[in-house]
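Here the structure is laid out as structure tokens; the discussion comes afterwards.
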Amino acid sequence: CHDQVAHRALGQVLVLGELFQYLGDDLLNVHGDLPFLYQLRMNSILNLKMLNPLKQLGMCVISSERRQARNKMKVLLINGSLQGENSHSLMVARNFVEGICGETEAEVKELHLGKMKIEHCTGCFCCWKVTPGQCAIKDDMEIVRKEMLESDVIILCFPLYFFGVSSKMKTLLDRLLPFKLPYNGRLATPENINIMDFRYDFSDKKLVLVSTCAHASTDIVYEPVLTQFDLAWGKGTYERVFCPQGEILMLPQMKPILNNYLGKVKTAGAELARDGRISEETVKKVNAPLIPVRAVEKMMTGFWEDYPQE
């Protein structure tokens with residue numbers, strides 16, 4: 001009886017070829033062997049209860065558009081700065097993307113959170129218990145979610161102001177809760193801090209954090225950010241490009257040093273595209289102080305007194 005239900009459900013899927021072409025990327029491969037039709041509009045077409053037995057069949061559906069673009073790396077740059085084109089973090093991120101494009105054919109898309117309507121997570125947990133994988137809030141987060149699921153490389157770009165991600169980026173991260181399976185009470189340990197599993201399969205995706213700050217060094221000040229992503233994404237599963245001394249880098253006399261640094265950032269992007277990771281040597285270079293720390297202290301003396309007020 002169970003097999004009959006499964007095959008009837010599979011039959012419903014197979015006869016909807018034209019519908020699948022219309023829905024396109026609404027059907028995606030998800031975590032492990034748990035295929036899941038998560039779009040709410042599917043509820044009016046297919047009986048999701050009937051599709052539950054398909055978990056036993058290990059069925060995965062990938063959109064035709066994604067199949068056609070498999071040979072082209074899809075890069076998503078999410079900008080969490082409110083400084084627009086003046087964002088130092090965005091400048092560094094774009095140079096990283098330039099490095100990727102110099103190494104391989106890539107399709108690049110930018111999303112600027114400052115221009116999008118993304119509400120705060122309310123903690124209703126509908127994304128876990130009512131509409132698994134789907135947030136109850138209807139806003140531009142659906143665009144972000146879809147683009148993240150379709151991308152090969154996800155670059156989160158944000159400034160560091162007060163020892164954490166920017167406010168826009170924090171709102172986005174809270175709304176990624178649907179990407180996780182419900183918390184089952186697992187205890188975090190120093191050896192394994194992964195206490196929540198992904199709902200979707202992110203094993204073939206590369207996450208890159210790109211950020212600038214005014215601090216003399218990235219040591220210590222980025223520890224809260226790293227801890228958050230270790231917990232949310234998994235320790236050792238993402239890359240980072242943290243640029244210190246961001247404010248003084250924009251001074252005219254710093255241009256040669258800045259250009260040299262951006263060249264290293266492009267190298268990091270090229271390595272990710274070619275090798276699937278950034279080498280330890282390059283990681284050190286793109287996260288290291290650009291000028292001696294003591295020199296920063298001298299340059300910052302009086303810097304804020306002359307800082308533009310508008």
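Computed over heavy atoms, backbone and side chain alike; hydrogens, waters and symmetry mates excluded.
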Return yes if some donor-acceptor pair links the side-chain N/O of [X] with the main-chain N/O of [Y] below 3.5 Å, else return no.
{"X": "E271", "Y": "S279", "answer": "yes"}
{"X": "T218", "Y": "N287", "answer": "yes"}
{"X": "S81", "Y": "P159", "answer": "no"}
{"X": "K205", "Y": "S151", "answer": "yes"}

For the pair R94 and E110, evaluate side-chain contact (heavy atoms from CB on, under 4.5 Å) and give the outcome as yes or no after the intermediate values. CA-CA 10 Å; R94 283 175 170 169; E110 292 185 2; 3.0 Å; yes
Worked verdict on E147 versus I154 for side-chain contact (heavy atoms from CB on, under 4.5 Å): CA-CA 9 Å; E147 292 294 338; I154 302 168; over 6 Å; no
Would you please indicate if the ring centroids of H215 and F242 are separated by under 6.0 Å? no
Could you list the donor-acceptor pairs under 3.5 angstrom formed between side-chain atoms of residues 117-129 and any protein atom two or more places apart in sequence or on another chain?
unit_1	atom_1	unit_2	atom_2	d
H120	ND1	T171	OG1	3.3
W128	NE1	L177	O	3.4
W128	NE1	K180	O	3.1

With a 4.5 Å cut-off on side-chain heavy atoms, are [Y] and [X] touching?
{"X": "V144", "Y": "R175", "answer": "no"}
{"X": "V92", "Y": "N95", "answer": "no"}
{"X": "R186", "Y": "N194", "answer": "yes"}
{"X": "P289", "Y": "Q245", "answer": "yes"}
{"X": "M116", "Y": "M141", "answer": "no"}
{"X": "T237", "Y": "L207", "answer": "no"}

Separation between [atom1] of [X] and [atom2] of [Y], rounded to the nearest 0.5 Å:
{"X": "I100", "Y": "K206", "atom1": "CD1", "atom2": "NZ", "value": "11.5 Å"}
{"X": "C213", "Y": "F162", "atom1": "SG", "atom2": "CZ", "value": "14.0 Å"}
{"X": "K235", "Y": "I193", "atom1": "NZ", "atom2": "CD1", "value": "6.0 Å"}
{"X": "L187", "Y": "I195", "atom1": "CG", "atom2": "CD1", "value": "8.0 Å"}
{"X": "Y200", "Y": "L181", "atom1": "OH", "atom2": "CG", "value": "9.5 Å"}
{"X": "L209", "Y": "R240", "atom1": "CG", "atom2": "CZ", "value": "9.0 Å"}

Establish, from distance only, whether the side-chain atoms of T212 and S89 form a donor-acceptor pair under 3.5 Å. yes
I'd like a table of donor-acceptor pairs (distance under 3.5 Å, sequence neighbours excluded) in which one partner is a side-chain atom from residues 252-269, with atom names and distances.
unit_1	atom_1	unit_2	atom_2	d
N259	ND2	K255	O	3.4
Y261	OH	V286	O	2.8
K266	NZ	E98	OE2	3.3
T267	OG1	G263	O	3.1

Same cluster or not: are [X] and [Y] linked, directly or through other Ile, Leu, Val, Met, Phe, Trp or Tyr residues, by side-chain heavy atoms under 4.5 angstrom apart?
{"X": "I220", "Y": "V293", "value": "no"}
{"X": "L231", "Y": "V225", "value": "no"}
{"X": "V283", "Y": "F96", "value": "yes"}
{"X": "V108", "Y": "M91", "value": "yes"}
{"X": "L172", "Y": "F198", "value": "yes"}

Provide the closest heavy-atom pair for [X] versus [Y] in the form atom of the first, atom of the second, distance.
{"X": "H88", "Y": "G246", "answer": "ND1-O, 3.4 Å"}
{"X": "G236", "Y": "D230", "answer": "N-OD1, 4.5 Å"}
{"X": "G80", "Y": "S166", "answer": "O-OG, 2.7 Å"}

Tell me which one of I78, L77, V241, L90 satisfies side-chain contact (heavy atoms from CB on, under 4.5 Å) with V210. V241
Which residue, T104, V75, V153, forms the side-chain contact (heavy atoms from CB on, under 4.5 Å) with L272? V153
Run the salt bridge (charged side-chain N to carboxylate O under 4.0 Å, His left out) test on E142 and K146 for me, step by step, so that the C-alpha distance in whole Å, both residues' side-chain angles and the decisive distance to 0.1 Å come before the verdict. CA-CA 6 Å; E142 175 59 21; K146 182 178 178 180; over 6 Å; no
[Y]/[X] salt bridge by N-O under 4.0 Å criterion:
{"X": "E280", "Y": "K284", "result": "no"}
{"X": "K72", "Y": "E107", "result": "no"}
{"X": "D140", "Y": "K115", "result": "no"}
{"X": "K74", "Y": "E150", "result": "yes"}

Name the residue from F202, F179, Y238 that meets the ring pair (Phe, Tyr, Trp, His ring centres under 6.0 Å) definition with W233. F202
